[in-house]
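Notes to accompany the following structure.
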Amino acid sequence: QVQLVESGGGFVQAGGSLRLSCAPSGRTFSSNAMGWFRQAPGKEREFVAGISGIYFSTRYADAVKGRFTISRDTAKNTVYLQMNSLKPEDTGVYYCAARTGSGLRTEIADFGSWGQGTQVTVSA
C-alpha cells in the first residue's frame with residue numbers, strides 16, 4: 001500500500017489561492033490514478049479532483065470547476081492541487097488518494113491509499 005503525505009494547507013481569505021502537494025512515502029505512484037477529496041465538519045467526504053495515470057485526463061467536481069487544477073510532476077513524483085478564487089465553502093480537510101489502477105475514478109471506495117489530510121480554511 002502506497003503511503004501519501006499532503007502539505008500546503010493553511011488559512012486564506014476568500015479570493016486567495018493555495019497549492020496542495022501530495023508526495024509518496026516509500027513508494028512511487030507515477031502510474032496510479034490519483035484524486036483529491038475534502039471533508040467539511042458534519043459533512044461526508046466528497047470528490048474534488050482526479051487525474052489518470054496514462055492519459056493524464058482530469059475531472060473536477062462542479063463546485064470547483066474553473067477554479068482548481070490538478071496536475072502531476074512525474075520527475076518529482078508529486079501530485080498538486082492548485083486552488084484559486086477560494087470560497088468559504090471550500091473549507092475542510094483535504095485528502096490525497098491513490099488507487100492501484102491508472103483509470104480515473106471519483107468514488108471513495110475506488111481508492112485504496114489515503115494521506116493524513118491537510119486543513120484548508122477560507123475566511124469570508
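Position 1 is the first residue of the sequence, and the numbers go up from there.
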Original post:
With under 30° as parallel and over 60° as perpendicular, where do the rings of Y94 and F68 fit, or are they tilted in between?
Top reply: tilted
Subject >> Y60 side chain reached by T69 side chain, heavy atoms, under 4.5 Å >> reply: yes
Subject >> same_hphob_cluster(V64, L18) at 4.5 Å side-chain heavy-atom cutoff >> reply: yes
**OP:** Using the side chain to side chain contact (heavy atoms under 4.5 Å, CB included) rule, pick out the option among Q82, M83, K87 that qualifies with R67.
**Re:** K87
**OP:** Using a cut-off of 6.0 Å, state whether more than 12 heavy atoms not belonging to E89 lie near its atom CD.
**Re:** yes
Subject >> Heavy-atom pair of closest approach, residues N84 and S17 >> reply: OD1-OG, 2.9 Å
**OP:** Could you tell me whether the side chain of R105 and the main chain of G50 form a donor-acceptor pair under 3.5 Å?
**Re:** no
Original post:
Has R19 got its NZ or CZ under 6.0 Å from the middle of the six-membered ring of Y80, at an angle within 45 degrees of the ring axis?
Top reply: yes
Subject >> Minimal non-hydrogen separation, T78 against S21, with atom names >> reply: CG2-CB, 4.2 Å
**OP:** Any chance you could measure N77, atom CG, to R72, atom CZ, to the nearest 0.5 Å?
**Re:** 8.0 Å
**OP:** Might you point out which heavy atoms bring D110 and T106 nearest each other, and give the distance in Å?
**Re:** OD2-N, 4.4 Å
Subject >> Separation of I51 CD1 from N32 CG (nearest 0.5 Å) >> reply: 12.0 Å
Subject >> Euclidean distance, F11 CZ relative to T91 OG1, rounded to 0.5 Å >> reply: 8.5 Å
Original post:
Does the side chain of V79 reach to within under 4.5 Å of the side chain of W36, using non-hydrogen atoms?
Top reply: yes
Original post:
Rounded to the nearest 0.5 Å, how far apart are CD1 of I54 and OG of S102?
Top reply: 3.0 Å
Subject >> Heavy-atom closest pair, residues R45 and Y95 >> reply: NH2-CZ, 3.4 Å
Subject >> Spatial distance of atom OG1 (T118) from atom CG (L81) [nearest 0.5 Å] >> reply: 11.0 Å
Original post:
Linking I/L/V/M/F/W/Y whenever their side-chain heavy atoms sit closer than 4.5 Å, directly or via other members, would L86 and L20 fall into one cluster?
Top reply: yes
Subject >> Separation of R38 CZ from D90 CG (nearest 0.5 Å) >> reply: 4.5 Å
**OP:** Measure from the side-chain N and O atoms of Q116 to the backbone N and O of E6, and report whether any donor-acceptor pair falls under 3.5 Å.
**Re:** yes
